[in-house]
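Since this is a predicted model, take the numbers as computed values, not measurements. Here is the naming used below: chain letters follow the sequence lines, and residue numbers restart at 1 for every chain.
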Amino acid sequence: MAKLGIMSFAHMHAYSYAAAINELAEAELFAIWDDDAARGKAAADQFKAPFMANRDAFLASGLDGVIICSENVKHRAMVEAAAKAGKWILCEKPLATTIEDAQAMIDVCKKTGVGLGTAFPCRYVAPLMAAKEDLDSGRFGTIYAAACTNNGSFPGGWFADEKLSGGGATMDHTVHVVDLLRWMFGKEVTKVYCENGNLIREGIGTDDVGSLHFEMEGGIKVSHIASWNRSKSFPTWGDVTMEIIAENGVLNVDAFNQKVNVYNDTAMKAEWVPWGDNADLGLVSDFAAACDEKRDPAITGYDGLKAVEVTVAAYKSAKSGEMVSV
Amino acid sequence: MNVALIGCSGMGVHHAGHATKAGFKIVACGDAIKERAVELASQYGADATTDCLSLCKRDDVDVVAVLTPTPFHTEYVVAAAEAGKNIFCEKPFGRTLEQCNTGIAAAEKAGVKLFVGHVVRYFQEFETIKAQIDAGKVGKVGFVRTYRGGICPVGAGNWFRDWDMSGGVTMDTIIHDFDWIRYVFGDPAQVFSQNLREQFDKAIDYAMVTFRMKSGIIVNTIGTWAHPGGFRVKVEVCGDNGMLQFDSSEAPLSVMMRETASGMPGMIVPGSPVGVSPYELEWHDFKNWLDGKGRPRVTPQDGVWAVRMALAALESADTGKPVAFN
Ligand SMILES: NC(=O)c1ccc[n+]([C@@H]2O[C@H](COP(=O)([O-])OP(=O)(O)OC[C@H]3O[C@@H](n4cnc5c(N)ncnc54)[C@H](O)[C@@H]3O)[C@@H](O)[C@H]2O)c1
């Protein structure tokens with residue numbers, strides 16, 4: 001059984017990973033550390049795990065691996081500390097906000113001999129897995145194009161503070177789909193165009209909509225919307241959708257469209273209640289196995305880096321107004 | 001008011017019915033293929049001819065409706081204008097900017113009224129969307145996404161599948177959205193686009209277009225001629241106080257016929273029945289103008305603008321660079 005710790009609950013996914021650890025027989029939530037002690041203590045209470053205020057003591061407490069869910073720009077320092085302590089690492093996406101940071105994180109893990117994974121739970125979302133399997137069967141023939149979205153509601157807080165997040169919706173909601181495209185098509189993104197801005201909620205400090213275009217190896221063309229454009233009254237948090245155009249047909253995935261529509265008079269807001277499989281279980285289960293087997297997680301730091309490269313190129317393109325090479 | 005129709009297949013048949021309902025009389029039908037002209041003319045007690053230029057000169061004709069494949073609009077627009085006839089021209093107004101300018105100049109010189117059939121401005125769902133935006137239901141708009149298309153159409157002599165003639169899904173189909181976007185959100189500042197022109201010999205096209213409007217709004221328009229069947233339209237508008245969505249696949253009426261001895265049933269045809277078709281509304285709007293009762297919703301310049309937007313999108317897709325409008 002893998003003894004796992006969580007470093008920082010700044011990113012809300014920490015809560016679902018903690019719940020997943022508690023649900024899985026092969027993992028144990030061994031300790032929690034957070035640079036925001038109040039937040040960390042509250043999480044420790046919620047998930048019935050010890051809170052440790054001192055990072056070095058936490059890393060020396062007998063953990064096998066850590067899941068890092070801090071603000072984006074703090075990933076590197078935490079990865080470096082955990083790697084030097086010999087801990088296996090699963091890092092929230094985006095792996096980093098710069099290529100330099102992502103590369104440094106990969107390097108330190110290699111040097112210290114620990115496994116590094118990037119948290120792309122979409123690879124464990126059943127409809128996306130089924131889509132990949134169908135594409136892998138070869139019956140679609142050559143893939144020509146894809147039109148994708150990763151829309152979301154405004155997360156607020158540090159997400160819209162560039163100093164902590166490294167960027168807005170384009171930073172937050174590009175990497176999932178880039179990873180899915182790489183994973184499903186087995187091809188890299190070679191060129192990026194991005195038009196973005198702060199267009200939905202004025203004055204938040206970062207972009208909240210990005211319309212991106214990619215060229216991938218083999219000439220595959222992609223449109224992608226990375227946004228925080230969902231209104232507060234929208235019945236769910238957002239979406240991941242892909243319409244894939246291939247030689248022999250078209251494949252559509254609306255990854256989280258496994259829902260029941262609920263209309264509750266107290267809430268006075270329609271709600272989509274999901275019933276699909278919990279993808280976090282697959283992600284955390286693989287990480288626990290990686291810790292036990294002393295191997296890299298299935299979705300590696302390199303995968304995280306490749307997605308970061310695209311995001312960095314997107315911001316470069318948005319600034320220059322040109323399509324840029326990755 | 002008497003109408004001469006030029007082009008008697010898809011749109012010819014369609015418009016003959018709608019113009020009649022709007023109070024026009026079909027007196028002559030012209031088509032390059034004699035049987036097409038004869039067949040339609042016989043239904044309306046009209047004359048049939050293959051000499052479409054002479055048809056424009058008939059004394060009993062008040063309006064010439066140009067419903068031929070796109071590259072053959074201008075010659076009839078010019079002939080009709082020179083004969084002093086008012087003109088109803090299907091979209092796209094022309095295949096090139098030169099054609100558009102020639103057509104406009106001829107109409108202006110002759111002082112005739114020219115209407116371009118951007119029918120989406122008359123679709124009840126699109127008018128409702130506009131009214132909701134105008135009523136402030138989504139607040140200040142920041143992002144728009146539209147989607148339109150289905151199977152690659154064929155047309156007389158396969159003209160839709162000839163790139164030089166139809167211009168693919170961009171010039172033929174999402175030009176509808178381009179016009180509507182400009183109608184509701186103002187002029188575009190620049191466009192970036194990708195398409196599948198290289199697959200067009202397989203009757204596949206797919207366009208992914210991003211406009212930056214002068215207002216700053218980002219618009220993403222997807223057009224498909226890549227589907228094996230069907231036709232779907234979607235719209236999403238996101239603002240600072242809400243959002244709205246429309247999806248034609250959520251149809252109020254759909255039928256499925258059981259297989260019979262005479263063979264396999266046709267495909268599922270969803271429908272959205274309305275008392276007065278948007279195509280009939282176009283003719284009413286045009287008639288009001290002819291009757292001296294106000295200007296129609298679509299001006300000739302709107303028709304030119306839509307072609308400009310489509311040409312710019314095609315240019316961007318060819319060059320891999322954004323194209324600015326000035
Ligand atoms: N507004 C809409 O919803 C809509 C829908 C479809 C097509 N359109 C537009 O309408 C126009 C016609 O499209 P369609 O679907 O009816 O095509 P179609 O192929 O069904 O019909 C075109 C007709 O024009 C005839 N024709 C061809 N060349 C001619 C020429 N030089 N002179 C006279 N007749 C000629 C053909 O024989 C044919 O009968 C196109 O510009 C198209 O883009 C608009």
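The OG1 atom of B:Thr210 sits 11.5 Å away from atom NE2 of A:His224, with the distance rounded to the nearest 0.5 Å. Here CZ of B:Phe192 is found 10.0 Å from OG of A:Ser223. Values are rounded to the nearest 0.5 Å. Note that SG of B:Cys238 and CG of A:Leu199 are 10.5 Å apart. Values are rounded to the nearest 0.5 Å.
Contact tally against chain A (heavy-atom pairs below 4.5 Å) for B:Thr224, B:Val141, B:Asn241, B:Asn195: the top residue is B:Asn195. For chain A, the option among B:Arg212, B:Gln190, B:Arg145, B:Lys140 with the highest count of heavy-atom pairs below 4.5 Å is B:Arg212.
When heavy atoms are compared at a cutoff of 4.5 Å, B:Val209 approaches chain A solely by way of its backbone atoms N, CA, C and O. Heavy-atom distances place both the backbone and the side chain of A:Ile200 under 4.5 Å from chain B. Looking at A:Tyr193, the atoms closer than 4.5 Å to chain B (heavy atoms on both sides) all sit in the side chain, from C-beta outward. Contacts between B:Tyr206 and chain A at a heavy-atom distance below 4.5 Å involve the side chain alone, from C-beta outward. Both the backbone and the side chain of B:Ile218 come within less than 4.5 Å of a heavy atom of chain A. Heavy atoms closer than 4.5 Å to chain B are found nowhere in A:Asn248, neither backbone nor side chain. Heavy atoms closer than 4.5 Å to chain B are found nowhere in A:Ser227, neither backbone nor side chain.
Considering only heavy atoms from C-beta on, B:Glu198 comes within 4.5 Å of A:Lys221 through its side chain. Put simply, the side chain of B:Phe143 reaches to within 4.5 Å of the side chain of A:Val209, judged on heavy atoms. Taking 4.5 Å as the limit, every side-chain heavy atom of A:Val222 sits out of range of all side-chain heavy atoms of B:Met208.
The backbone N or O of A:Phe214 lies less than 3.5 Å from a partner atom in the side chain of B:Gln194, making a donor-acceptor pair. No side-chain donor-acceptor contact under 3.5 Å links B:Lys202 to the backbone of A:Glu247.
Shown here is B:Lys130, whose NZ atom has more than 12 heavy atoms of other residues, nucleotides or ligands within 6.0 Å. Other residues, nucleotides and ligands contribute only 12 or fewer heavy atoms inside 6.0 Å of the CG atom of A:Asp277. Residue A:Lys269 places its NZ atom among more than 12 non-hydrogen atoms of other residues, nucleotides or ligands, all under 6.0 Å distant.
Residues B:Met243 and A:Ser231 share a closest heavy-atom pair of CG-OG, 3.3 Å. When all heavy atoms of A:Met323 and B:Gly320 are compared, the pair lying nearest together is CB-O, 3.8 Å. When all heavy atoms of A:Val250 and B:Ala226 are compared, the closest pair comes out as CG2-O, 3.5 Å.
Contact check on B:Glu236 versus A:Arg230 returns a salt bridge, with a Lys/Arg side-chain nitrogen under 4.0 Å from an Asp/Glu carboxylate oxygen.
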